[in-house]
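Below is one structure, written out as structure tokens; the observations come after it.
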Amino acid sequence: EVQLRESGGGSVQAGGSLRLSCAASGFTRDDYNIGWIRQAPGKEREGVACINGRDGSTYYPDSLKGRFSISRESARDTVYLSIDSLKPEDTAVYYCAADIWPRHCYQALALNEYHYWGQGTQVTVSS
């Protein structure tokens with residue numbers, strides 16, 4: 001059974017940093033792509049970053065470049081999302097999700113189209 005488990009969320013003050021983790025298990029292959037998607041209260045889900053399983057390349061939407069960094073520790077099947085200079089508008093539930101189709105990760109991120117989802121981790125940023 002495939003599982004994705006996020007951790008690392010919490011309450012922080014604006015300007016701080018967080019590193020979220022996504023622990024994956026149950027995959028029979030390691031070439032799946034991982035995306036981080038967030039959902040703020042009353043808003044639609046927004047793709048934040050993604051990483052390709054085949055070559056480790058990453059993608060960020062233009063509007064979010066600079067403060068977000070996605071990385072992967074293959075030996076531990078864990079993907080991280082580091083967020084710097086947190087802002088109150090970063091407050092949201094952050095989900096990691098896996099895409100098993102052979103395509104660039106940004107395609108799944110843009111379409112919000114994933115095969116597996118984690119349960120999410122809450123990030124709250126106070127001003």
Side-chain angles (χ1 to χ4, degrees):
E1 179 187 6
V2 170
Q3 289 189 335
L4 299 171
R5 182 169 298 179
E6 303 94 336
S7 61
S11 297
V12 296
Q13 289 192 329
S17 300
L18 277 177
R19 189 176 78 160
L20 309 181
S21 300
C22 172
S25 62
F27 288 93
T28 57
R29 298 174 56 170
D30 61 1
D31 58 351
Y32 54 90
N33 301 330
I34 291 289
W36 281 97
I37 303 96
R38 68 183 181 183
Q39 187 166 25
K43 296 188 177 181
E44 294 186 352
R45 289 183 174 177
E46 176 186 27
V48 173
C50 68
I51 187 165
N52 286 297
R54 278 165 291 282
D55 61 6
S57 58
T58 60
Y59 170 81
Y60 307 89
D62 287 342
S63 60
L64 297 176
K65 283 182 178 178
R67 297 190 299 115
F68 295 82
S69 178
I70 188 171
S71 60
R72 186 171 194 161
E73 186 175 357
S74 296
R76 299 180 60 184
D77 289 327
T78 301
V79 173
Y80 302 100
L81 180 72
S82 296
I83 314 173
D84 296 325
S85 302
L86 280 157
K87 304 176 181 180
E89 51 263 44
D90 293 321
T91 295
V93 177
Y94 285 73
Y95 300 90
C96 66
D99 171 31
I100 62 173
W101 285 350
R103 57 182 174 177
H104 196 286
C105 72
Y106 77 81
Q107 292 177 289
L109 196 71
L111 296 172
N112 195 30
E113 187 176 73
Y114 289 94
H115 300 89
Y116 304 99
W117 289 82
Q119 83 287 351
T121 186
Q122 176 71 46
V123 172
T124 302
V125 184
S126 58
S127 57

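Count residues from 1 along the sequence. All values below come from the heavy atoms of this structure, side chains included, with hydrogens, waters and symmetry mates left out.
Residue S17 comes nearest to D84 through the heavy atom pair OG-OD1, 3.2 Å, listed as atom of the first residue, atom of the second, then distance. Of all heavy-atom pairs between Q119 and L4, the closest is OE1-O, 3.6 Å. Nearest approach of P41 to T91, heavy atoms of both residues: CD-O, 4.3 Å. Between A49 and L81, the shortest heavy-atom distance links the atoms CB-CD1, 4.1 Å. In terms of heavy-atom proximity, C22 sits nearest to W36 at CB-CZ2, 3.5 Å. Residues A14 and S127 share a closest heavy-atom pair of CB-CA, 4.3 Å.
A 4.5 Å side-chain heavy-atom check between E46 and L64 finds at least one atom pair inside the cut-off. Between Q107 and W101, every side-chain heavy-atom pair lies at or beyond the 4.5 Å cut-off. In this structure, Y114 and L109 have side chains that are in contact, with non-hydrogen atoms separated by less than 4.5 Å.
Side chain of N52 to main chain of C105: a donor-acceptor pair is present (N/O by atom type, distance under 3.5 Å, no hydrogens or angles). Side chain of R5 to main chain of A23: no donor-acceptor pair is present (N/O by atom type, distance under 3.5 Å, no hydrogens or angles). Within the 3.5 Å criterion, the main-chain N or O of G35 finds no donor-acceptor partner in the side chain of D99. A donor-acceptor distance shorter than 3.5 angstrom exists from the side chain of E6 to the backbone of C96, with no hydrogens or angles considered. For the pair R54 (side chain) and R103 (backbone), a donor-acceptor distance under 3.5 Å is present.
Taken to the nearest 0.5 Å, the OG1 atom of T58 stands 14.0 Å off from the CZ atom of F68. One finds the CD atom of Q13 at 5.0 Å from the OG atom of S126 (value rounded to the nearest 0.5 Å). Rounding to the nearest 0.5 angstrom, the gap separating the OH atom in Y106 from the OG atom in S57 is 11.0 Å. Atom OG of S69 sits about 9.0 Å away from atom CD1 of I51, to the nearest 0.5 Å. For the atom pair CD (Q122) and CD (Q39), the distance works out to 11.0 Å, reported to the nearest 0.5 Å. Interatomic distance, CZ of R38 versus OG1 of T121, reported as 14.0 Å (0.5 Å rounding).
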For the pair D90 and K87, evaluate salt bridge (Lys or Arg N to Asp or Glu O under 4.0 Å) and give the outcome as yes or no after the intermediate values.
-> CA-CA 5 Å; D90 293 321; K87 304 176 181 180; over 6 Å; no
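The environment of N112 atom CG is dense: over 12 non-hydrogen atoms of other residues, nucleotides or ligands sit within 6.0 angstrom.
Linking ILVMFWY side-chain heavy atoms closer than 4.5 Å, directly or via other members, places I37 and V123 in two distinct hydrophobic clusters. Connection of L18 to I70 is established within a shared hydrophobic cluster, with ILVMFWY side chains joined at heavy-atom distances below 4.5 Å, either directly or through further cluster members. V79 and W117 fall into different hydrophobic clusters, where Ile, Leu, Val, Met, Phe, Trp and Tyr residues are linked whenever their side-chain heavy atoms come under 4.5 Å apart, directly or through other members.
Residues E73 and Y80 have side chains that bring a donor and an acceptor to within less than 3.5 angstrom of each other.
R72 forms a cation-pi arrangement with Y32, by the criterion of a distance under 6.0 Å to the ring centre and an angle within 45° of the ring axis.
Aromatic pair Y116/F27: centroids less than 6.0 angstrom apart.
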